[in-house]
Amino acid sequence: MNKTFLAAMAAGLNALGANASAQDYPTRAISMVVPYAAGGSTDGLARIVAQAMGENLGQTIVVENLGGGGTMIGNQRVTRAAPDGYTITFGNMGSLAIAPSLYPKSKFDPRHDLVAVGLVATVPMVLSVSKKSGITTLSDFVARMKKNGADVNFGNAGSGSTSHIAAAYFMHVTHTQGMQIPYRGAGPAIADLMAGTVDAVIDQTVTMIPIHEGKRVTALAVASASRLPQIPDVPTFSEAGVPDFNMSVWNGIAAPAGTPPAVVARLEQALAAALKRPDVRESLDKLAAQAPTGKEQGAAAFQALIARDVPHFATLIQDANITVN
């Protein structure tokens, strides 16, 4: 036998082995990496979906929080993992579209380093302030920032996170200044917001609705086209006087590049089944998280969304002169 024939036969056997493995998938627990600390919006959504997907797959999906490094610690954990479907990421615009422009030295490009599984939810951002700040309206907040912005502190989920970009974007459109304080996730930032250690946080409705309803903070405005039925007392940014701020955050699941198409398809199927469950839909609805519909669903649509938003945020970051420490 010549070497070419032996090489071809070996490749064929490897392909058969990979296909058999993909058909059996999954046979053990799956790690779902969230590149933020526990207690934040992305973490909350991941846990809702992980349980439902795990039941469909017949295996436990373990949520693994790896915050810090501007989401790059979690991202690198996934991109360096074996592309076998047993390590996936639950990320959002921050980790999957914004991070590449803020951390160019990492050479992370989700368009090539990851393969999309599917969009999970799109969630409006809410600007909330601490009770200790004494601020009750968005106009009061903007006036204070214009008068003495150096004394106004924005907590965020970490450099490069959506809450960091949202605060920078808000200051850009209102021509104000403030001090950004990065944390290792939205959870710690919001804990300090409730304690009055920081004045404000812009984060998703997932975290903001419960603490506004519990009167732990004051939500000033929501980035939605109309008021949300979950928090009808909170005006939209347009109603509150800042129509140029309109930022919602998408959240979704991806796997390492090179993951077998059959495995991606099985994960895609499990996600679709999870999003159809009444209990999952109810949980998302309570948090004003909009599940994908129609053409937004599926791996191909999510891959296209990532490809669209990487350059979109590169332009925004440049125009708003957003930097990380």
Side-chain angles (χ1 to χ4, degrees), residues 40-42 44-45 48-49 92-94 97-98 119-131 135-143 145 154 156-157 161-163 165-176 186 190 193 200-252 275-276 278-297 301-302 305 308-309 312-313 316 320:
S41 300
T42 309
L45 290 171
I48 292 171
V49 173
N92 62 17
M93 282 183 348
I98 295 170
L119 179 66
V120 172
T122 301
V123 190
M125 298 292 268
V126 178
L127 169 56
S128 295
V129 293
S130 70
K131 294 291 185 180
I135 297 167
T136 58
T137 68
L138 188 63
S139 58
D140 289 343
F141 184 62
V142 172
M145 292 183 72
F154 271 99
N156 66 54
S161 65
T162 52
S163 54
I165 299 301
Y169 181 38
F170 177 79
M171 288 186 276
H172 176 64
V173 300
T174 55
H175 307 289
T176 57
I190 288 167
L193 178 69
V201 171
I202 302 182
D203 199 52
Q204 300 176 59
T205 51
V206 175
T207 51
M208 291 302 186
I209 286 177
I211 58 176
H212 174 72
E213 289 180 327
K215 302 188 185 304
R216 304 293 301 276
V217 302
T218 300
L220 300 181
V222 57
S224 53
S226 58
R227 295 198 184 202
L228 299 177
Q230 296 87 347
I231 43 174
D233 58 319
V234 180
T236 66
F237 276 92
S238 183
E239 287 179 312
V242 185
D244 292 336
F245 184 85
N246 184 18
M247 186 173 175
S248 293
V249 177
W250 51 253
N251 301 261
L275 292 175
K276 289 178 181 176
D279 58 332
V280 171
R281 303 288 291 208
E282 183 180 358
S283 295
L284 295 178
D285 186 62
K286 285 181 179 178
L287 302 169
Q290 179 65 54
T293 58
K295 294 181 180 179
E296 298 173 328
Q297 298 173 321
F302 189 40
L305 179 60
R308 182 200 75 183
D309 275 3
H312 167 74
F313 281 104
L316 172 61

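Because the structure is a prediction, the values reported are computed rather than measured.
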* Hey, does I165 have a side-chain heavy atom less than 4.5 Å from the side chain of L316? -> yes

* To do: For E213 and I231, indicate whether the former's side chain and the latter's backbone hold a donor-acceptor pair under 3.5 Å.
  => no

* Between OG1 of T162 and CG of D203, what distance do you get to the nearest 0.5 Å? -> 6.0 Å

* Quick one: pull up CG in D309 and CD1 in I98 and give me the separation to the nearest 0.5 Å. => 8.5 Å

* To do: List the atom of S226, the atom of T236, and the distance in Å for their closest heavy-atom pair.
  => C-CG2, 3.5 Å

* To do: Report the C-alpha distance between M208 and M125 in whole Å, list the side-chain angles of each, state the deciding distance to 0.1 Å, and finish with yes or no for side-chain contact (heavy atoms from CB on, under 4.5 Å).
  => CA-CA 9 Å; M208 291 302 186; M125 298 292 268; over 6 Å; no

* To do: Show your reasoning for whether side-chain contact (heavy atoms from CB on, under 4.5 Å) applies to L305 and R308.
  => CA-CA 5 Å; L305 179 60; R308 182 200 75 183; 3.3 Å; yes

* Structure fact -> For P124 and V222, the nearest pair of non-hydrogen atoms, with its separation, is CB-CG2, 3.9 Å

* What distance do N156 atom CG and L193 atom CG have between them, rounded to the nearest 0.5 Å? -> 12.0 Å

* Asked: Under a 4.5 Å cut-off applied to non-hydrogen side-chain atoms, are H172 and D244 in contact?
  -> no

* Please walk me through it: do M247 and M93 pass side-chain contact (heavy atoms from CB on, under 4.5 Å)? -> CA-CA 11 Å; M247 186 173 175; M93 282 183 348; 3.8 Å; yes

* To do: Could you check if a side-chain atom of V123 sits within less than 4.5 angstrom of a side-chain atom of L287, using non-hydrogen atoms only?
  => no

* Please examine the side chains of T174 and M145, heavy atoms only from C-beta on, and report whether any two atoms are closer than 4.5 Å. => no

* Asked: Testing T218, D233, T205 for side-chain hydrogen bond (donor to acceptor under 3.5 Å, both in side chains) with H212, which one passes?
  -> D233

* Start with the C-alpha gap between K286 and I209, add the side-chain angles, then the distance that decides, and say whether side-chain contact (heavy atoms from CB on, under 4.5 Å) holds. => CA-CA 9 Å; K286 285 181 179 178; I209 286 177; over 6 Å; no

* Structure fact -> With sequence neighbours left out, the residues meeting side-chain hydrogen bond (donor to acceptor under 3.5 Å, both in side chains) with T42 are N92

* Asked: Do the side-chain N and O atoms of S163 and S161 include a donor-acceptor pair separated by under 3.5 angstrom?
  -> yes

* Using 30° and 60° as the class limits, which term best fits the ring planes of Y169 and F245: parallel, tilted or perpendicular? -> tilted

* Once you round to the nearest 0.5 Å, how far does CG of L275 lie from CD1 of I48? -> 10.5 Å

* F154 and M171, any side-chain heavy atoms less than 4.5 Å apart -> yes

* **Contact check, side chains of L284 and L45, non-hydrogen atoms, under 4.5 Å** => yes

* Hey, is the main chain of R227 close enough, under 3.5 Å, to the side chain of S224 for a donor-acceptor pair? -> no

* Asked: Which atom pair, heavy atoms only, marks the closest approach of A291 to R281?
  -> CB-NH1, 3.6 Å

* **Contacts of type side-chain hydrogen bond (donor to acceptor under 3.5 Å, both in side chains), residue S139, not counting sequence neighbours** => T137

* Asked: Are any of the side-chain heavy atoms of I190 and I211 separated by less than 4.5 Å?
  -> yes

* Would you say L127 and F237 make side-chain contact, with heavy atoms under 4.5 Å? -> yes

* **CD1-CZ distance between I135 and F141, expressed to the nearest 0.5 angstrom** => 5.5 Å

* Asked: Looking at G40 and A186, what are the two nearest heavy atoms and their distance?
  -> CA-CB, 3.8 Å

* Asked: How about N251 and Q204: does a side-chain donor come under 3.5 Å of a side-chain acceptor?
  -> yes

* Structure fact -> Between A121 and A289 the two heavy atoms that sit nearest each other are CB-CB, 4.0 Å

